[in-house]
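Here the structure is laid out as structure tokens; the discussion comes afterwards.
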Amino acid sequence: MFQYKPKEIENKWQKKWDKTHIHKPVDFDNKPKYYSLVMFPYPSGDLHMGHMRVYTISDVISRHRRMSGFNVLNPMGFDAFGLPAENAAIERKIPPKEWTLKNIDHMKNQQLKRMGTSYDWDREVISCNPEYYRWTQWLFLQFYKNNLAYQKEAPVNWCPKCQTVLANEQVEDGKCWRHDDTDVERKMMRQWFLKITQYAEELINDLDKLSGWADRVKIMQKNWIGRSEGAEIVFSLDGISDVKIPVYTTRPDTLYGVTYLVLAPEHPLVLKITVPENKKKVEEYIKQAGLLTEIDRLSETKEKTGVPLGTIAINPANGKKIPVWIADYALLDYGTGAVMGVPAHDTRDYAFAKKFKLEIIQVISPDGKEQNLNDAYIEPGIMINSGEFNSINNEEGKKKIIGQAAKKGFGSAKISYRLRDWLISRQRYWGCPIPLVYCDSCDLVPVPDKDLPVLLPEKNIEFTGSGGSPLKKTAEWINVKCPKCNKDAKRETDTMDTFICSSFYYLRYADATNDKEVFDKKKVNYWLPVDQYVGGIEHAILHLLYSRFFTKALRDFGLLDFDEPFTNLLSQGMVTMFSPKENKVAKMSKSKRNVVGTTEFFDEHGADAARLFILFAAPPEQEIEWSTQGAIGQYRFLERIWRLFFNLKDAAALHLYEGFIDVRAIHELPLRNLYRIANYTIKSVSEDVSDKRYIFNTAIARMTELVNAMYKFILDKKSYTEDEINVLNFSITNLLKLLAPFAPHITEELWEHYGGKYSIHQIPWPSFDKSALITDEIELVIQMGGKKIDVLTTKKGQSQKELEKIALNQDKVKLRLEGKELVKVVVVPDKIVNIVVK
RNA sequence: GCCCUUGUGGCGGAAUGGUAGACGCAACGGACUUAAAAUCCGUUGGCCUGAACAAGACCGUGCCAGUUCGAGUCUGGCCAAGGGCACCA
């Protein structure tokens, strides 16, 4: 008998799959298309078991869909620009390109292929290759030409460790997303932005179309975009006629309670309207506020700060004179950068007014009477102290006051979003250059399409990790002729956020080798949207929001015809393990020193076993803890199949069994039962891998049960009847097909020994024999008062009356009925009889 | 503070409102073996009655209520853990 040697057979089949290109889809095939995708990985070097999960889940889905008759696109590539490569260059003097390409080679050939994944490598894209980033630049210029890319001077998030600015989405808790130990600093800088806010409304509304996304992800996006309805109210200033201050509020109903205004410290009007004697103090405050890190500014314990400008504003509703302040609790880039202070009905305003002893006027009250407020009253109520609006409900008051503002010209209804424009400039070398040129005569000039890509210089680059981007120091690269007037000009030295590269890679896969255009419109419309996207929950906002934005913008540029890129999204949970460093179970990662490498395990027990364990440990969305013991358990399962197969091969004539067996002809009861289990397995596994469930752990459990049942059946058997051989062959044939997406190598190997045609991965997914699932007998559960009393086997299909009679005739029931009154009997046919007594 | 998710044996986890604990890990027992490993076959929620590895009772899905003939599953409240947002006017 052969021994199960996973390393050998896995290597054998991986080579053959590669050579025969069996995972290659056909553009515009007549089979229905299916686009299966896993999130663009960063080639960080060595993969561990934690990384394997996403690839395994996606691979099972891809393989299953191929067998189910779909034309499956399952591509792979690398998000290859980024900081780690540049840091490696600084620390180890290896050029970023070399480091990156070496990692990609290792990851692709030693890890992804060894896992048994089924990618079409002919469509591979690598974002740091000029063939790719030419299109990144081209797309940037489309945004620029459509007024969706612009520069502005703004307070930005600066990570001192990364030595670059960050987008809002890349700041977590005031820290850099890559360095949870580094406070983000605030700087005023002129930077490039993409106008994602122009799509805020559509991005929020179209979430409703995404029925294939988990609610939690949609909710996170919704909160991030943060739509709010309110009004813009314009305040004029006492004695300064040429300046007006618009504020945004969600509570126009509290307009009569405004006792001061607050501007953000960076607000451009501040110095203009400050009275001379306050100028010094105000300037000092602005400077102080600018120095605060994000974490200081957000600190909960932080007391409110601010200084008065000495300027007086006039409430347009009632003419009341109120002071104007600046305070850092007003944010420049939300609303209008100015707030109307209503201490009676806003917690922050209340704290501010208390600290600086400002007036507090209650205008909403639960009972229409003024109260002694110890805190802001933020509940709904009846309007008071509000002139003509007194005694009406505040919700109605909102509309009425907006109506009056519009009529009198001091305001209007307005919708605001928490979402900010996407800051895409990065002061780093290893990224895609922004293809623009600064010319003294022509101003900003886009690099013409024919000159794309603007190549990253590779010679004479010095990586020091300080003093700004290395690109700033490469004179021969910076100095160019203006494409318009041919005079001396300079290149933009900022590179793009790498999230730009990953915002369209999934579109490029549809036509990855096209060197004439970013992609052919017909091909992109054929393959997209992605039918099943698999990736980590950490991208719930970042990558997924950016990609949705890109899809919508590209649609408006006329490049494609759909609104949403990813129809179904599966967010897999992380893989954890005990970390000796943190002394607890934590996410598997090199820095926590709790990684299990792939190579050793694959060598010893095989990728098939690792795949099975990862799928078996829990449903995909849940977290799993890696257990080498548990993975060995799955190895044992595969060995069990292996031995069963070759034992039977020696004892009986094994041959593939196609089609069904006539159940009525199987007289032996255990054999009929085995046939039933085999068919039940086909049914259950098919349901579990379908997109209605995606519950792979139960699918594997069902297959284990089938193998257990076969072992039990052949126990002590020396010879086999023809019927038995048929049922066993039926069971094995279908088991191999069902297991093929999960454990692709061992099934391919056994399929070959079985005389099956290459490849098992190209044969149709099995269907089950309905007639086999019909049984003559059922297990009837007898309950009294909802508690199980007895279980008995009886004929199927009996009437409610008959079942009730059977139940009441049971000795156990009779005994318990003594001295009790029978209230009623509930009968669920073929299932349960519940006897209710008093 | 607001929003979301999750609480089931020693562990990971199963259960269209209808037999709680499938399947696996760990543990224990048996067979095989000179022996061990491997393998094959079993046992394994708690507690109690019982001479019993006969039979059986009771309790049990974070806690407290409710709906229902019947609740791990539905509803409300509480507790705990995890995640997201957090001076967004």
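Bear in mind the structure is a predicted one, so any value in this text is a computation, not a measurement. When reading the values below, keep in mind they use all heavy atoms of this one structure, side chains included, and skip hydrogens, waters and symmetry mates. Letters A, B, ... are given to chains in the order of the sequence lines, protein chains preceding strands, and every chain is numbered from 1.
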Please report the distance, rounded to the nearest Å, between CD in A/Gln783 and C1' in B/C69.
9 Å
Mind checking the P distance from B/G7 to B/A15? Whole angstroms is fine.
12 Å
Calculate the interatomic distance between A/Arg420 atom CZ and B/A86 atom P; express it in whole Å.
9 Å
Student check: side-chain heavy atoms of A/Trp224 and A/Leu419 closer than 4.5 Å:
yes
Ring centers of A/Phe616, A/Phe637 separated by less than 6.0 Å:
no
Taken to the nearest whole Å, CZ/A/Phe696 to C1'/B/G13 is 16 Å
Nearest listed nucleotide, side chain of A/Lys831, among B/G18, B/C59, B/A89
B/G18
Rounded to whole angstrom units, what separation is found between the CD atom of A/Gln810 and the C1' atom of B/G56?
17 Å
Please evaluate residues A/Tyr546 and A/Glu169 with respect to the criterion side chain to side chain donor-acceptor pair (under 3.5 Å), reporting the C-alpha separation (whole Å), side-chain torsions for both, the decisive distance (0.1 Å), and the verdict.
CA-CA 10 Å; A/Tyr546 295 147; A/Glu169 289 80 4; 2.9 Å; yes
Could you give the CZ-to-C1' distance, from A/Arg643 to B/C41, as a whole number of Å?
14 Å
Separation of B/A86 atom P from A/Asp328 atom CG, nearest Å, is 16 Å
Of A/Thr704 and A/Ile695, whose nearest nucleotide on RNA chain B comes first from the 5' end?
A/Ile695
Donor-acceptor contact present, side-chain A/Thr336 to main-chain A/Pro246, <3.5 Å
yes
Where the side chain of A/Asn697 is concerned, which of B/U19, B/G13, B/C23 is the nearest nucleotide?
B/G13
A/Asp716 CG to B/U39 P: how many Å, rounded?
19 Å
If you check every side-chain atom of A/Tyr248, which of B/A26, B/U19, B/A89 has the closest atom?
B/A89
Consider the side chain of A/Lys788, meaning its heavy atoms from C-beta on, and name the nucleotide among B/G56, B/A89, B/A20 that approaches it most closely.
B/A20
Would you kindly check whether a donor in the side chain of A/Lys218 faces an acceptor in the base of B/U5, or vice versa, at under 3.5 angstrom?
no
Whichever of A/Ala617 and A/Tyr329 has its nearest RNA chain B nucleotide further upstream toward 5':
A/Ala617
Please evaluate the base of B/A22 for a donor-acceptor partner in the side chain of A/Arg702 within a cut-off of under 3.5 Å?
yes
Between B/G9 and B/C25, how many Å separate the two C1' atoms, rounded to a whole number?
13 Å
Ignoring hydrogens and geometry beyond distance, is the side chain of A/Lys712 in donor-acceptor contact with the base of B/C41 at under 3.5 Å?
no
Please determine, for the side chain of A/Arg816, which listed nucleotide (B/G18, B/C58, B/G12) has the closest atom?
B/C58
Using the glycosidic torsion, which applies to B/G21: syn (within 90° of 0) or anti (everything else)?
anti
Look at the side chain of A/Val836 and decide which nucleotide, out of B/G13, B/U19, B/C69, has an atom nearest to it.
B/C69
If I pick the C1' atom on B/C48 and the same atom on B/A57, what distance separates them, to the nearest angstrom?
8 Å
Per atom distances to the A/Ala618 side chain, the nearest of B/G13, B/C23, B/C69 is B/G13
Between B/G84, B/A89, B/C23, which nucleotide has the shortest distance from any of its atoms to the side chain of A/Met220?
B/G84
At under 4.0 Å between heavy atoms, what does A/Ser228 touch on the DNA or RNA strands: base, sugar-phosphate, or nothing?
sugar-phosphate
Mind checking whether A/Trp422 and A/Phe193 have ring centres under 6.0 Å apart?
no
Residue A/Ile219, side-chain atoms from C-beta onward, closest of B/C3, B/G13, B/A86:
B/C3
List the steps, then state whether side chain to side chain donor-acceptor pair (under 3.5 Å) holds for A/Arg418 with A/Asn223.
CA-CA 8 Å; A/Arg418 211 193 70 106; A/Asn223 291 341; over 6 Å; no
Rounding to an integer number of Å, can you tell me how far A/Ile700 CD1 sits from B/A14 P?
12 Å
Classify the nucleic acid contact of A/Lys787 as base, sugar-phosphate or nothing, counting any heavy atom under 4.0 Å across all strands shown.
sugar-phosphate
Between the base of B/C85 and the side chain of A/Asn223, is there a donor and acceptor pair under 3.5 angstrom?
no
Ignoring the backbone of A/Tyr711, work out which of B/C40, B/A89, B/C69 is nearest its side chain.
B/C40
Hey, is the main chain of A/Asp328 close enough, under 3.5 Å, to the side chain of A/Tyr285 for a donor-acceptor pair?
yes
